[in-house]
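I have placed the structure first, in the form of structure tokens, so that the comments after it can refer back to it.
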Amino acid sequence: MPHTPDPRAAAPSTFTPPEWLVRTLGTLRPSPAPIPWPAVFRAAVAMTLPLVIGLATEHVAYGALASMGALSGVIGDTASAYRMRVINIAIPQLFGAVGVLLGTLVYGQGWAAVGVLTLIALVSGMISTIGAVASVSGLLLLLNSIIGAGLPMPGEWWLAPLLMTGGGLLVLLLALLAWPLRQGKAERTEVAGAYRQAAALLEAAGGDAGAYEDARQAVTQSLNQSYDLVLARRTRDHGRNQDLVRLVTQLNALTLIIEAAPAAHLSGRPLPPEVADMVRRLADGVQRGDPERVELDLPEAESTAGRAVEHAVRHAADVIADEDPHNVDDRLGTPAALTQRARRAARNVFVSAESWRYGVRLALCIGIAQALVSLVEVERSYWVALTITFVMKPDFGSVFSRAVMRAVGTAAGLLVAAAVLAEVPRGWWDVPVLLVLAPLIPALTPRGYGYQTAAITPVILLLSDTMNQQGFGLVMPRLYDSLIGCGIALVAGYLLWPESWSTRIGDRLADAVADTARYVETAFLDPATPGVPDPAARARMRRRLYRDLSSVRSEFQRALTEPPPTGPRAAAWWPLVVAVERVVDATTAARVRIRHGAPRPAPEESAELCRHLEELAEGLRDTDTLEAVCVPLPEGDEDSVLAPLRREIQAARAIASPQAADKTV
């Protein structure tokens, strides 16, 4: 009797979750990150000590306010260098003090409070687009104004800003305790980390393409962070600090190693393991601040790419061993003075369409939330606006995924808060509870936004209850408020804005392709030709291009978690992002080969490739689907130094126009 298969087993699954939902929920998986133990310790002390003082002096509400200010400092305590900690913590605290002062002045003022908070949201949103420190400053400005307008503050009008600022500055004081003993170590550690990432890149060169791409992304990010940290501090020291001058020269030397890596990778032959080992030994010397020369024991290079890598490693060894680098190769330049950058940022905020667009979106959401809680009685209504503020942050990722993560994280945090508020009596028992909960904020923040929300929620509820003595009754209103806030953010801050659905990721990628075309245009011209940018200008162009491509990649990764049509479109365009990065790598590899003896290509050949990249960029601006773009390339000399670059451009064209992929270059 023949076997009859079970129809239930043969039937395919009737429900397969969409890719964008899988990616969004995938962000719930904790990101691998080490626990920042110093920050954990600072959070425990800074948030618990004010509460202890408040309980001891029978001014519990004052202590809770100072602990709330310490919470703001803990959120901003992310920098490694001590000077950057001063900026990252102190400046946002000043904005937070202004925020709580303005909020306190309009507490209980009805529609006047709605108007003031809406205006503050507009300003907060606009300044949040400037940069990381401005983003945290805008966040605290709005958060504290919402808290001041939603909670009755104890004491005189000036006391709440003073207490909250004092709590934040306590975090800064704890962070600066070791400054006299560890000054400069953070900068050396960052630069040494970039060298170690470069060693990993050399290990991956010539091997698996995926491993090489991951290593290249890691070294690009590390190099960007190192330059930002070292050059920013060097600007404040006016270039006189010899240790910082040495670090600049070491970073400039490292760029030569990173430039040589694409040539080694495109050769298809892995480098000897001794090369990466030597770079790690150089990293150890940078970490110690030790100018002792590292004796390089490198095998003889067998190819042009190998010789380029060897030359770059030996040059870096010479730079690290130089005890007095007077003639620093400052080809990448230093940032403008702080006052000049501040004026430029302020001007850009007022003329930038992006800053106005985000400011109006945030103001609309906050205005709706405040109007809603003014018309409908919502218990402790400030939580609705607080939720919107966190969800709508411009640099926290996708608005949609943040709303989902905020809801999930709040629910998880409320489970902890419910147990604490129901079982732990108020008073001195709050101290050990806060001593356990506060360190979870810096410990879980690197793992993802949902984890950060879950850690912050019970802390805020505990401190709020310390001030208002409402107990377990806080829990369910917080959940309802969070869901209302997430709903307002999704509708008024996401669905109503066309840019949420007609994503601008294609325009960003087109800009990157156009910048790549300009890089190709100048990369192969004879330096003696009039009007050709000097090596320093080309180095700045290349570094800017890699930084922009890194930003484009991050924006695409955020877009992948959006619902249709943004998420599927980003997924379809993602291979083209990788292809453009490979074009830049191939350009750099060709320049390295020319520098080490390969014949320079004819200007017409590089101009032709540049023209096709420009046409590709224009095609990307004119379409929402890749199939509409077609940029054919003519055949070229396979022995030319530009042959690998032509193949990479052809690969990018094939991705952008699959119907023409069978054509040859």
Side-chain angles (χ1 to χ4, degrees), residues 205 216 220 252 255-268 301 303-312 315 329 331-333 510-549 578-618 631-653 664-665:
R216 187 178 60 78
T220 298
N252 289 341
T255 60
L256 297 179
I257 298 177
I258 296 173
E259 285 179 7
H265 180 63
L266 291 177
S267 70
S303 64
T304 301
R307 287 193 293 273
V309 172
E310 179 184 350
H311 172 80
H315 173 70
D329 176 16
R331 54 181 180 157
L332 292 179
D511 291 341
V513 174
D515 291 341
T516 302
R518 287 191 288 273
Y519 177 48
V520 171
E521 181 182 22
T522 61
F524 305 108
L525 296 177
D526 190 339
T529 304
V532 174
D534 58 24
R538 282 190 290 196
R540 289 191 290 271
M541 180 186 299
R542 182 180 61 256
R543 179 167 173 259
R544 227 176 6 249
L545 181 57
Y546 274 114
R547 183 187 290 270
D548 290 345
L549 285 173
V578 178
V580 174
E581 292 174 339
R582 291 174 62 88
V583 168
V584 178
D585 274 354
T587 304
T588 302
R591 289 193 65 249
V592 169
R593 290 181 59 192
I594 293 171
R595 195 162 57 224
H596 288 268
R600 188 179 301 277
E604 297 79 11
E605 186 178 3
S606 59
E608 181 71 13
L609 296 179
C610 174
R611 183 177 67 81
H612 284 288
L613 283 172
E614 291 173 344
E615 291 179 0
L616 176 59
E618 289 303 316
V631 185
L633 269 73
E635 295 183 358
D637 182 7
E638 286 299 317
D639 294 329
S640 169
V641 71
L642 296 185
L645 175 58
R646 186 182 298 106
R647 286 193 292 269
E648 296 298 344
I649 295 177
Q650 172 64 35
R653 184 201 62 79
T664 57
V665 178

Q: Output, in order, the C-alpha distance, side-chain angles, deciding distance and verdict of salt bridge (charged side-chain N to carboxylate O under 4.0 Å, His left out) for Arg611 and Glu608.
A: CA-CA 5 Å; Arg611 183 177 67 81; Glu608 181 71 13; 2.7 Å; yes
Q) In chain order, what residues pass the side-chain hydrogen bond (donor to acceptor under 3.5 Å, both in side chains) check against Arg582, with sequence neighbours excluded? A) Glu648
Q) Do you know the tightest heavy-atom contact between Ala589 and Pro262? A) CB-C, 3.8 Å
Q.
Please enumerate all residues that pass side-chain hydrogen bond (donor to acceptor under 3.5 Å, both in side chains) together with Asp548, with sequence neighbours excluded.
A. none
Q. If we only count heavy atoms from C-beta on, is the Tyr546 to Met541 side-chain gap below 4.5 Å?
A. no
Q: Run the numbers on Leu609 and Arg646 for side chain to side chain contact (heavy atoms under 4.5 Å, CB included), then give the verdict.
A: CA-CA 7 Å; Leu609 296 179; Arg646 186 182 298 106; 4.1 Å; yes
Q) Given Arg544 and Tyr519, is the side chain to side chain contact (heavy atoms under 4.5 Å, CB included) satisfied, shown in steps? A) CA-CA 10 Å; Arg544 227 176 6 249; Tyr519 177 48; over 6 Å; no
Q) With sequence neighbours excluded, what pairs up with Glu521 under the side-chain hydrogen bond (donor to acceptor under 3.5 Å, both in side chains) test? A) none
**Q.** Closest heavy-atom pair and its distance - Ala205, Ala264
**A.** CB-CB, 4.1 Å
Could you list the donor-acceptor pairs under 3.5 angstrom formed by side chains in residues 593-604, with sequence neighbours left out?
| unit_1 | atom_1 | unit_2 | atom_2 | d |
| --- | --- | --- | --- | --- |
| Arg595 | NH2 | Glu259 | OE1 | 3.3 |
| Arg600 | NH1 | Phe524 | O | 3.4 |
| Arg600 | NH1 | Leu525 | O | 3.3 |

Q. For the residue pair Ser640 and Glu605, what are the closest heavy atoms and their distance?
A. OG-OE2, 2.8 Å
Q: Apply the side-chain contact (heavy atoms from CB on, under 4.5 Å) test between Val520 and each candidate in Ile649, Leu613, Val584; give the one that qualifies.
A: Leu613
Q: Could you pull out the closest heavy-atom pair between Leu266 and Ala586, with the gap in Å?
A: CD1-CA, 3.8 Å
Q | Residue list, salt bridge (charged side-chain N to carboxylate O under 4.0 Å, His left out) with Arg547, at least two apart or on another chain | A | Asp228
Q. Residues two or more places apart in sequence or in another chain: which of them pass side-chain hydrogen bond (donor to acceptor under 3.5 Å, both in side chains) with Thr304?
A. Arg307
Q: With rounding to the nearest 0.5 Å, note down the distance linking OG1 in Thr516 to CZ in Arg542.
A: 13.0 Å
Q. Say you draw a straight line from OG1 of Thr588 to CD1 of Ile258; how long is it, rounded to the nearest 0.5 Å?
A. 10.5 Å
